Amino acid sequence: MIVYKHIALIGLGLISSSFVHALRRAEYTGRVTGTARSADTRAEAKRLGLCDAIMDTNAETVQGADLIILCTPVGAMGAVMQEIAPHIAPGATITDVGSVKFDVIQAIQPHLPNGTHFIPGHPLAGTEQSGPASGFAELFDNRWSLLTPVEGTDPEALRNLTAFWQALGANVDHMEPAHHDRVLAVTSHVPHLIAYTMVGVADDLKRVTETEVVNYSAAGFRDFTRIAASDPTMWRDVFLSNKEATLEILGRFTEELFALQRAIRKGDGDHLHDYFTRTRAIRRGIIDAGQDTDAPNFGRMPEVTAPKPKAEP
Ligand code: NAP
């Protein structure tokens, strides 16, 4: 059950527009206000009818709200918190959806007004799309939303935020912030960096022409390009904020890559086979946990490409 009467969304992109759709699906009857940095995004959100009111400033947006959700890139969250702090109602809960927790908590905590509840969060749900038109009601369904409560968190405030996420379809778990950042470095941040690199490498290979990369892109590369199309601002901020864990996991990744490189050079088929058998089992575990489909090609329909027009004689 959602106990909040007024939810304020700062930032109107993929995550916050998905909140709006999921709240509608949950038949939420309270008030939802929202804002974004640029007038263009605010105008688009108004045109889409996203909230009860789209405000011009962050301060106006949070006035009277009992739940405030920071949905901006993580690098902006400290300054946003400083700006809205004097306008937050006593007793309000403040949460965020940032992909990094330790740095975000450090940036937000010094500005928190007394008598408010800060419960950091991160939904493990997303796509490579961004902006107010990209959200959808099902985004959080059966996905984990990780809450990383800080010391002294009020148990009732935590229960209410947990119930909010559950009402939107998510499963909720609690985690220590630094541990969250390490887990996410493995499961999300470094994989994104690898995708960015792989697409960058293909782009640099002058032996392979641009049309060859585009026309003959096989499934592996296509999936990398999907990830590498993610929002540049969001991901710049993620790497700058989760620096240590990212660098540590990248070091491990590089070591494993060298081991595979050596196995290929030496013709060590057993090593490669054992390695790929282990990774296949990890994929099986993700499917068994209901976190992805086992349909071929991620459940995508086979592509039907229109026949090329015949050249004029
Ligand atoms: P998005 O679609 O790019 O939207 C970000 C929104 O924040 C935009 O509306 C932007 O406004 C606004 N914004 C930026 N700076 C602001 C400021 N100073 N004041 C007010 N609004 C500001 O981003 P998203 O994908 O929803 O991601 C939002 C957060 O969720 C990020 O922290 C990200 O780490 C986290 N997250 C993302 C995913 C994912 O897959 N996308 C998954 C889980 C968590 P303008 O459009 O005017 O710039």
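A quick note: this is a predicted structure, and the numbers were derived from the prediction, not measured. For this chain, numbers begin at 1 and follow the sequence in order. All ligand and atom numbering here is 1-based and tracks the order in the structure.
A donor-acceptor pair under 3.5 Å is formed between the side chain of Lys101 and the backbone N or O of Gly121. Glu176 places a side-chain N or O within donor-acceptor distance of the main-chain N or O of His179, the cut-off being under 3.5 Å. Not one N or O on the side chain of His273 forms a donor-acceptor pair closer than 3.5 Å with the backbone of Gly269. Under a 3.5 Å cut-off, the side chain of Ser16 and the backbone N or O of Gly11 do form a donor-acceptor pair. With hydrogens and angles ignored, the 3.5 Å screen pairs no side-chain donor or acceptor of Ser241 with any backbone N or O of Val238. Judged by distance alone, the side chain of Ser17 and the main-chain N or O of Ala133 form no donor-acceptor pair under 3.5 Å.
With a 4.0 Å cut-off on non-hydrogen atoms, Arg37 touches ligand 1 through its backbone as well as its side chain. With a 4.0 Å cut-off on non-hydrogen atoms, Glu128 does not touch ligand 1 at all. Residue contacts with ligand 1 for Ala125 involve N, CA, C or O but no side-chain atom from C-beta outward (heavy atoms, distance under 4.0 Å). Within the 4.0 Å heavy-atom criterion, the part of Thr127 lying near ligand 1 is the backbone and not the side chain. The part of Thr41 lying near ligand 1 is the side chain, judged by heavy-atom distances below 4.0 Å. When non-hydrogen atoms are compared, ligand 1 lies under 4.0 Å from the side chain of Val80 (C-beta onward) but not from its backbone. The residue Arg42 has no part lying near ligand 1, judged by heavy-atom distances below 4.0 Å.
Ring geometry for His271 against Tyr275 counts as parallel: the plane angle stays under 30°, on a 0 to 90° scale with 60° as the upper cut. By the 30° and 60° cut-offs, the orientation of the rings of Trp165 relative to Phe19 is tilted.
Residue Val74 has at least one heavy-atom neighbour below 4.0 Å for each of these atoms of ligand 1: 32 (O). Close approach of ligand 1 to Ile10 is summarised as follows: ligand atoms under 4.0 Å from at least one heavy atom of the residue are 20 (C). Interface atoms of ligand 1 facing Gly126, defined by a heavy-atom separation under 4.0 Å, are 39 (C), 40 (O). Heavy-atom contacts of His122 reach the following atoms of ligand 1: 43 (C), 44 (C) (cutoff under 4.0 Å). Of all atoms in ligand 1, numbered sequentially from 1 with element shown, those under 4.0 Å from a heavy atom of Gly98 are 32 (O). Near Ser38, meaning under 4.0 Å from one of its heavy atoms, ligand 1 places the atoms 45 (P), 47 (O).
By the 4.0 Å N-to-carboxylate-O rule, Asp141 lies close enough to Arg25 to be salt-bridged with it. Asp274 has no carboxylate O lying under 4.0 Å from a charged side-chain N of Arg278, or vice versa, which leaves the two without a salt bridge.
No side-chain donor from either of Asn242 and Asp103 sits under 3.5 Å from a side-chain acceptor of the other. Side-chain polar atoms of Glu60 and Thr57 form a donor-acceptor pair below 3.5 angstrom. A side-chain N or O of Thr33 and one of His6 form a donor-acceptor pair less than 3.5 Å apart.
Regarding atom 25 (O) of ligand 1, its nearest protein heavy-atom neighbour is Leu14 CB, 3.7 Å. What sits closest to atom 9 (O) of ligand 1 on the protein, heavy atoms only, is Leu12 N, 2.9 Å. Atom 34 (O) of ligand 1 has its closest protein heavy atom at Ser99 OG, 2.6 Å. The nearest heavy-atom contact from the protein to atom 28 (C) of ligand 1 is Cys71 O, 3.3 Å. Scanning the protein heavy atoms around atom 43 (C) of ligand 1, the nearest turns out to be Pro123 O, 3.2 Å. Residue, atom and distance of the protein heavy atom nearest to atom 44 (C) of ligand 1 are Val97 O, 3.2 Å. For atom 27 (O) of ligand 1, the nearest protein heavy atom (residue, atom name, distance) is Ile15 CG1, 4.0 Å. Given atom 31 (C) of ligand 1, the protein heavy atom at minimum distance is Thr72 O, 3.2 Å.
Looking at Thr61, Ile84, Ile69, Asn58, it is Asn58 that brings a heavy atom closest to atom 20 (C) of ligand 1. Here the shortest heavy-atom distance to atom 3 (O) of ligand 1, taken over Ser130, Gly13, Ser230, belongs to Ser130. Evaluated by nearest non-hydrogen atom to atom 14 (C) of ligand 1, the leading choice among Gly11, Ala76, Pro73 is Pro73.
At a 3.5 angstrom cut-off on N or O pairs, Gly131 counts as close to ligand 1.
Heavy atoms only, all atoms of each residue included: Ala228 and Tyr196 are closest at O-CE2, 3.2 Å.
The structure places OG1 of Thr153 at 9.5 Å from CG of Leu147, a figure rounded to the nearest 0.5 Å.
At least one heavy atom of Met77 sits closer than 4.0 Å to an atom of ligand 1.
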